Protein chains: 2
Amino acid sequence: MTKLTDVARVAGVSATTVSRVINNYGSLSEKTKQKVYAAMRELNYQPNSLARSLQGKQTKLIGVIFSGVSNPFFGEMVEELENQLFSKGYRVILCNAADDKAKERDYLRMLMANQVDGIIAGAHNLGIEEYHQVGLPIISFDRYLSDNIPIVSSDNYRGGQAAGEALLAARVQHPVIITGQQQPNSPTNQRLSGYQAVLSAKDVALDQWTLAFGMSPTLKMMRIRQLLTTHQPDGIFCTDDLTALLVLQAAKQLNIAVPQALKVIGYDGTRFIQAYHPELTTIMQPITDIVTLMVELLLQRIADPDCQLETSYTLPIKVITGTSTAAIS
Amino acid sequence: MTKLTDVARVAGVSATTVSRVINNYGSLSEKTKQKVYAAMRELNYQPNSLARSLQGKQTKLIGVIFSGVSNPFFGEMVEELENQLFSKGYRVILCNAADDKAKERDYLRMLMANQVDGIIAGAHNLGIEEYHQVGLPIISFDRYLSDNIPIVSSDNYRGGQAAGEALLAARVQHPVIITGQQQPNSPTNQRLSGYQAVLSAKDVALDQWTLAFGMSPTLKMMRIRQLLTTHQPDGIFCTDDLTALLVLQAAKQLNIAVPQALKVIGYDGTRFIQAYHPELTTIMQPITDIVTLMVELLLQRIADPDCQLETSYTLPIKVITGTSTAAIS
DNA sequence: TTGAAAGCGCTAACAC
DNA sequence: GTGTTAGCGCTTTCAA
């Protein structure tokens, strides 16, 4: 690998000068600059960023922790994160926490080992304590981690309300909500609260089913079929779109007509769902805005680790209306 | 940040000794080992991997270049890559080439800058020349890059055949194939060849439509509706599942019954499609096996850069039969 | 079994 | 404007 001193030798200058040229630092004559550029090109020189970072400079690496990018919601979020971070000159270390505490802890340790400038945390297996002591700029998506770690999320309470309202507007009488496992301190619990508030204002009973997030689709499917046959709800609010897709599928198998006999509403509203399942009514989280904000906050913290940020930032959701909640005409 | 010399001071030994303990190198008395371990724990010490890598050791970083992880196929592949690489002690730098030559080139340059131990290349905007000179272990997914860069892919020719056979077995008379833009040197072109071979053996005419990979779903949808109304095919083979989903959707909108009036077959067979669209007949690429092989080959090349590998590795596909090609009873 | 010292590739005082 | 020098945190001969 050609190094700085090679360039210096070829250009007939000192290493310092080459370093100055690379970093555009101090005063340099146009002539030396050209000589150095020429030498760099001749040798096809690439500065070794490791050596650079070793001086205590930034690594320009950001750790992005999520629980798997095969879920389109996280896939789209990670893709957007990578895009925006790249355009700011950062690269992404992809950390798939995979519902695995040990793995998430391992990753946290690795990332801490002086390698990344900051972390975006979107997987949440770990207790607060572990994140508390990281000592690196962190921004969290949708989960409380520690007092000085800002949370960015979309308006889960309002989203829950909107879903409830949509169901009631469609004259649903026996709605069911299917949630994931409620996690302590998770803003997503607010989806339930908002929904619940709307229902009780209209004296509609709450009927809640829980399907753990990590459960296999096949198993979820069985549960849902069970639910549909035993409970015979006329409306279902799923707190994620994939589960809503399963409900749609189960309804078809059981010859339950959507929306005639059953209204279905999902949550997340990814580009994927909008393009490939426009029939599904859903609550859209503004992924791009969320990412923009997270990146902005993270870079602020990196620039000034002591800068004061809010504890929590909430972005508005949007209702996307498909035919799955259409009123029967 | 606590460093090696801090540990040494606390343990009352030299830096060298601490280094030896960390790397389990040379001969050490059990007693010193314990002292050092204790000091490390006390200080919550994390070795700085940058400094380590600077000695010319490995960085344990792998660049993974794909064109966006929001597509479930790539999402699942990247997720699997991350998993397997993590378990081998490597971390992943996620590079989203996004159909953008300049970005892919930028990434390549960054990765080369002495930072990663190897590259998995799954996005292919760039000409062969750019990859030729990288001088780093590279494994390519589904595309020829250079004579000494192994290609791993699934059996695209056989996949195309299988799709054609499935369509013909369902008594299709006027099938259409919808492909992406054919790229030079891309093994995916074989899907068309295999399909074509099966058709011409039975004297069925080839009818081919092209929808560029980067086209928006909405636009694709319009084209597909056009195709369905003007050409009135009774069978469609899409060389990716997402397009097949669009066909299914378009058919529904146009009141074309699937499979009665139209058989549809896709390609890729992700876990996602299997779980959420079991009705779709599709050709499954063995993502896990592909990844396992790519990782294995890459690690071999890293261990011995001169090791001889095949130019090309082809893994078998599998047909997943849904109702979308069911014979009319 | 352990330590001293040199150096990985680069940057940043401090000279000149 | 440019060069000298001293490290960044760690590993690795070479000696003891």
Side-chain angles (χ1 to χ4, degrees), chain A residues 1-40 43-61 109-117 135-136, chain B residues 1-40 43-61 109-117 135-136:
Chain A
M1 207 34 16
T2 68
K3 49 202 205 190
L4 191 127
T5 50
D6 297 331
V7 177
R9 194 169 23 73
V10 170
V13 297
S14 78
T16 315
T17 303
V18 176
S19 176
R20 285 204 185 96
V21 172
I22 292 171
N23 296 290
N24 218 342
Y25 176 83
S27 51
L28 300 161
S29 77
E30 194 53 37
K31 215 177 104 202
T32 19
K33 269 196 200 168
Q34 290 314 327
K35 271 195 303 188
V36 171
Y37 283 136
M40 281 172 42
L43 299 174
N44 191 18
Y45 170 71
Q46 285 299 129
N48 181 332
S49 58
L50 263 53
R52 271 184 159 179
S53 309
L54 193 54
Q55 329 294 323
K57 306 198 66 115
Q58 302 188 357
T59 59
K60 294 293 181 180
L61 248 26
R109 199 160 2 92
M110 277 177 162
L111 296 178
M112 278 166 65
N114 231 328
Q115 307 185 73
V116 299
D117 295 341
L136 228 45
Chain B
M1 209 33 16
T2 69
K3 49 201 206 193
L4 189 127
T5 51
D6 296 330
V7 178
R9 196 170 18 75
V10 170
V13 298
S14 77
T16 314
T17 303
V18 176
S19 175
R20 285 206 184 94
V21 171
I22 292 172
N23 298 289
N24 218 341
Y25 178 82
S27 50
L28 300 162
S29 77
E30 193 55 36
K31 216 177 98 200
T32 18
K33 269 195 199 168
Q34 292 312 326
K35 273 195 301 187
V36 172
Y37 283 136
M40 280 173 41
L43 299 174
N44 190 19
Y45 169 71
Q46 286 298 128
N48 181 332
S49 57
L50 263 53
R52 267 185 163 179
S53 309
L54 193 54
Q55 327 295 325
K57 304 194 71 107
Q58 302 188 357
T59 59
K60 293 292 179 182
L61 247 26
R109 200 159 1 92
M110 280 178 160
L111 297 178
M112 276 167 65
N114 231 332
Q115 305 184 73
V116 300
D117 294 343
L136 228 46

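Lettering of chains follows the sequences in order, A, B, ..., and the numbering in each one begins at 1. Reckoned from all heavy atoms, side chains included, excluding hydrogens, waters and symmetry mates. The shown structure was predicted, so the numbers you read here are calculated from the model rather than taken from an experiment.
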Trainee: Check A:D6 with A:R9, please: is the shortest side-chain N to carboxylate O separation under 4.0 Å?
Mentor: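 Salt bridge: yes.
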Trainee: Can you tell me how far C1' of D:dG9 sits from NZ of A:K57, to the nearest Å?
Mentor: 17 Å
Trainee: B:R9 CZ to D:dG9 C1': how many Å, rounded?
Mentor: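 Answer to the nearest Å: 14 Å.
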Trainee: Applying a 4.0 Å non-hydrogen cut-off, can you work out what B:V13 is touching in the nucleic acid: base, sugar-phosphate, or nothing?
Mentor: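 Sugar-phosphate, backbone atoms only, no base.
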Trainee: Taking DNA chain D as the partner, which of residues 24-37 of chain A come within under 4.0 angstrom of it by heavy atom?
Mentor: A:S27, A:L28, A:S29, A:T32
Trainee: Nearest-Å distance, CD (A:Q58) to C1' (D:dC8)?
Mentor: 16 Å
Trainee: Using the heavy-atom set of chain B and a strict 4.0 Å cut-off, write down the first and last nucleotide of DNA chain C that makes it in, 5' to 3'.
Mentor: C:dT1 to C:dG9
Trainee: Any salt bridge (charged side-chain N to carboxylate O under 4.0 Å, His left out) pairs touching residues 17-38 of chain A, not counting sequence neighbours?
Mentor: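 For residues 17-38 of chain A: none.
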Trainee: Listed by chain and number, what are the side-chain hydrogen bond (donor to acceptor under 3.5 Å, both in side chains) partners of B:T2, not counting sequence neighbours?
Mentor: none
Trainee: Which residues pass the side chain to side chain contact (heavy atoms under 4.5 Å, CB included) test with A:Q115, sequence neighbours left out?
Mentor: A:M110, A:A113, B:S49, B:L50, B:R91
Trainee: In chain order, what residues pass the side chain to side chain contact (heavy atoms under 4.5 Å, CB included) check against B:A39, with sequence neighbours excluded?
Mentor: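 Side chain to side chain contact (heavy atoms under 4.5 Å, CB included) check on B:A39 returns B:V7, B:V10, B:A11.
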Trainee: Could you give all pairs that pass the salt bridge (charged side-chain N to carboxylate O under 4.0 Å, His left out) test and reach residues 49-61 of chain B, with sequence neighbours left out?
Mentor: none
Trainee: How sharply is the helix from C:dT1-D:dA16 to C:dC16-D:dG1 bent, taking the axes over five pairs at either end and rounding to 10 degrees?
Mentor: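 Terminal axis comparison yields 40°.
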Trainee: What residues form a side-chain hydrogen bond (donor to acceptor under 3.5 Å, both in side chains) with A:T17, not counting sequence neighbours?
Mentor: A:S14
Trainee: Taking side-chain hydrogen bond (donor to acceptor under 3.5 Å, both in side chains) as the test, write out the residues that go with A:D117, two or more places apart.
Mentor: A:T59
Trainee: Report each atom pair, protein N/O against N/O of nucleotides 5-7 of chain D, whose distance is under 3.5 angstrom.
Mentor:
residue, atom, partner, partner atom, Å
D:dG7, N2, A:Q55, OE1, 2.6

Trainee: Residues in side chain to side chain contact (heavy atoms under 4.5 Å, CB included) with B:R109, at least two apart?
Mentor: A:Q46, B:D106
